[in-house]
Amino acid sequence: MLVLVTGGAGFIGSHIVTALVENGHGVRILDRADGPAPEGTEPRRADVRDPAAVADALHGVDAVCHQAAMVGLGKDFADAPDYVACNDLGTAVLLAAMAGAGVRELVLAGSMVVYGEGRYTCAGHGLVRPGPRRPEDLDAGRFEPPCPQCGEPLRPGLVEEDAPADPRNVYATTKLAQEHLAACWARAVGGRAVSLRYHNVYGPGMPRDTPYAGVAALFRSALARGEAPRVFEDGGQRRDFVHVRDVAAANVTALTAVRSAAGSGAAPGTLRAYNVGSGEPRTVGDLARALSAACGGPEPVTTGEYRLGDVRHITASSARLRDELGWKPQVGFADGMAEFAEGA
């Protein structure tokens, strides 16, 4: 099949392009930035918000893999117009063009940030949803969210796709809006859509030295400068760090599924969400120590600083993606961190 990959010159998008080519598919890349394009692909430099460019890029396309987005928490709320313009307007322009071109299969780069905090249980009240963390608690070093009913400590667990959405920053809000737009498109045109909710993606080619980079890239950049990674809070924040090649493989799997009549759980007229995680929860402190050791750099420094838009724990259950589509991660944490330390 011929797949249009928006954002195909970016970190995750470029790995998806490579995986698609290796699996025998044709690829057309739409990206406003230049980047290396494997032999046989069709790179087109344009913004996904340009209706004419998008309509032209869709000619002859069988499916779309939508990766183009502004990512990360950014600097402050002043970034909000840019996030909405890049992520939501861009998605709306793409979907409108797909509706006109008769392209009916979509795989969307979703994100775990739509959940807000992860899954928590209280010994006395069972499954609970903690509210936003309070600045006065964070200032005092009380980083763990308490039970909203009794105030007792909670036990974090794996979040599943049916958990309520609770976006807690601008980026998260735009990622949820992308899913709603894709679901509306699917209902309107009888399309099939999959949202792959990436957890913390890392690996070769990850952006560096930018406020929009992920925590792994920020730590790696510090070590490259000979500086200790600065770990916020107490370093106990639990995340799921998944390698970019595993994410690329998940996209290939999902694209194949939406093209199949038997297909995925995304029936015509619906959007189906899947978590994409390693299944090996780690703390941010674990990440910093692993990278420091692999780079032979200074030990991490735990600062107690925090960002109000951050959540405490968010780790994935990827059972749905494994059970319905047969995907499973291949790159373990230790091997992935060693590679990232050497080649990032």
Side-chain angles (χ1 to χ4, degrees), residues 5-17 29-35 47-49 64-94 106-116 165 167-182 195-221 232 237 239-248 250-251 273-278 284 287 307-311 314 316 340 344:
V5 182
T6 71
F11 166 46
I12 297 175
S14 62
H15 284 272
I16 293 171
V17 168
I29 301 167
L30 182 71
D31 202 304
R32 63 183 182 183
D34 287 324
D47 196 303
V48 74
R49 292 168 291 184
V64 172
C65 183
H66 183 31
Q67 304 295 311
M70 184 174 177
V71 300
L73 285 182
K75 293 173 286 188
D76 53 42
F77 199 82
D79 284 330
D82 288 337
Y83 274 105
V84 173
C86 289
N87 297 354
D88 299 337
L89 176 59
T91 298
V93 170
L94 172 66
L106 171 71
V107 173
L108 172 69
S111 175
M112 55 85 178
V113 294
V114 301
Y115 299 117
R168 298 193 176 186
N169 55 62
V170 171
Y171 171 60
T173 302
T174 64
K175 295 306 289 184
L176 183 58
Q178 283 185 308
E179 289 194 359
H180 289 319
L181 286 165
S195 178
L196 296 177
R197 291 175 176 168
Y198 305 156
H199 283 245
N200 292 74
V201 186
Y202 73 96
M206 194 173 188
R208 296 170 58 178
D209 301 317
T210 163
Y212 307 97
V215 65
L218 296 176
F219 290 166
R220 180 65 182 85
S221 295
F232 280 15
Q237 311 93 298
R239 298 290 187 267
D240 190 318
F241 299 100
V242 59
H243 196 277
V244 66
R245 286 197 299 274
D246 286 331
V247 171
N251 275 270
Y274 295 94
N275 288 330
V276 183
S278 70
V284 173
L287 170 69
R307 297 187 299 185
L308 196 57
D310 280 342
V311 297
I314 176 70
F340 182 52

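Bear in mind that the values here come from a model prediction, so they are computed numbers and not experimental data.
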Aromatic ring pairing Tyr202/Phe241, orientation class (parallel under 30°, perpendicular over 60°, tilted between): perpendicular

Contacts of Ala248 that satisfy side-chain contact (heavy atoms from CB on, under 4.5 Å) - sequence neighbours left out: His15, Ile16, Ala19

Val242 to Val276 - nearest heavy-atom pair and separation: CG1-O, 3.8 Å

Between Thr91 and His66: side-chain donor-acceptor atoms closer than 3.5 Å: yes

Close side-chain approach of Val71 to Phe11, heavy-atom, < 4.5 Å: no

Shortest non-hydrogen contact from Phe340 toward Met206: CZ-SD, 3.8 Å

Side-chain heavy atoms of Val170 within contact of Asp79, under 4.5 Å: no

Test item: Phe232 and Val284 side chains (from C-beta on) under 4.5 Å apart, heavy atoms: no

Minimum-distance pair of heavy atoms, taken over all atoms of Gly7 and Ala68: N-CB, 3.7 Å

Nearest-0.5 Å distance that lies between atom NE2 in His199 and atom CG in Asp246: 13.5 Å

Any side-chain heavy-atom pair of Gln178 and Asp88 under 4.5 Å: yes

With Asp82 via salt bridge (Lys or Arg N to Asp or Glu O under 4.0 Å) - residues at least two apart: none

Value rounded to 0.5 Å, distance of OG1 in Thr174 from CD in Glu179: 11.0 Å

Heavy-atom check, side chain of Leu196 versus side chain of Asn251, under 4.5 Å: yes

Closest approach of Thr173 to Pro167 (non-hydrogen atoms, all atoms of both residues): N-CB, 3.7 Å

Step-by-step side-chain contact (heavy atoms from CB on, under 4.5 Å) determination, Asn275 to Met112: CA-CA 7 Å; Asn275 288 330; Met112 55 85 178; 5.6 Å; no

Name of the residue among Leu106, Leu108, Leu30 meeting side-chain contact (heavy atoms from CB on, under 4.5 Å) with Val64: Leu106

Short side-chain to backbone donor-acceptor contact, Asn87 and Ala69, under 3.5 Å: no

Where Ala316 and Gly277 come nearest, the two heavy atoms and their spacing: CB-CA, 4.3 Å

Gap between atom CG of Asn200 and atom OG of Ser278 - 0.5 Å precision: 9.5 Å

pair Arg197-Lys175: side-chain heavy atoms closer than 4.5 Å: no

Closest non-hydrogen atom pair, Ile314 against Val311: CG2-CG2, 3.9 Å

Expected output: side-chain Thr6 to main-chain Gln67 donor-acceptor under 3.5 Å: yes

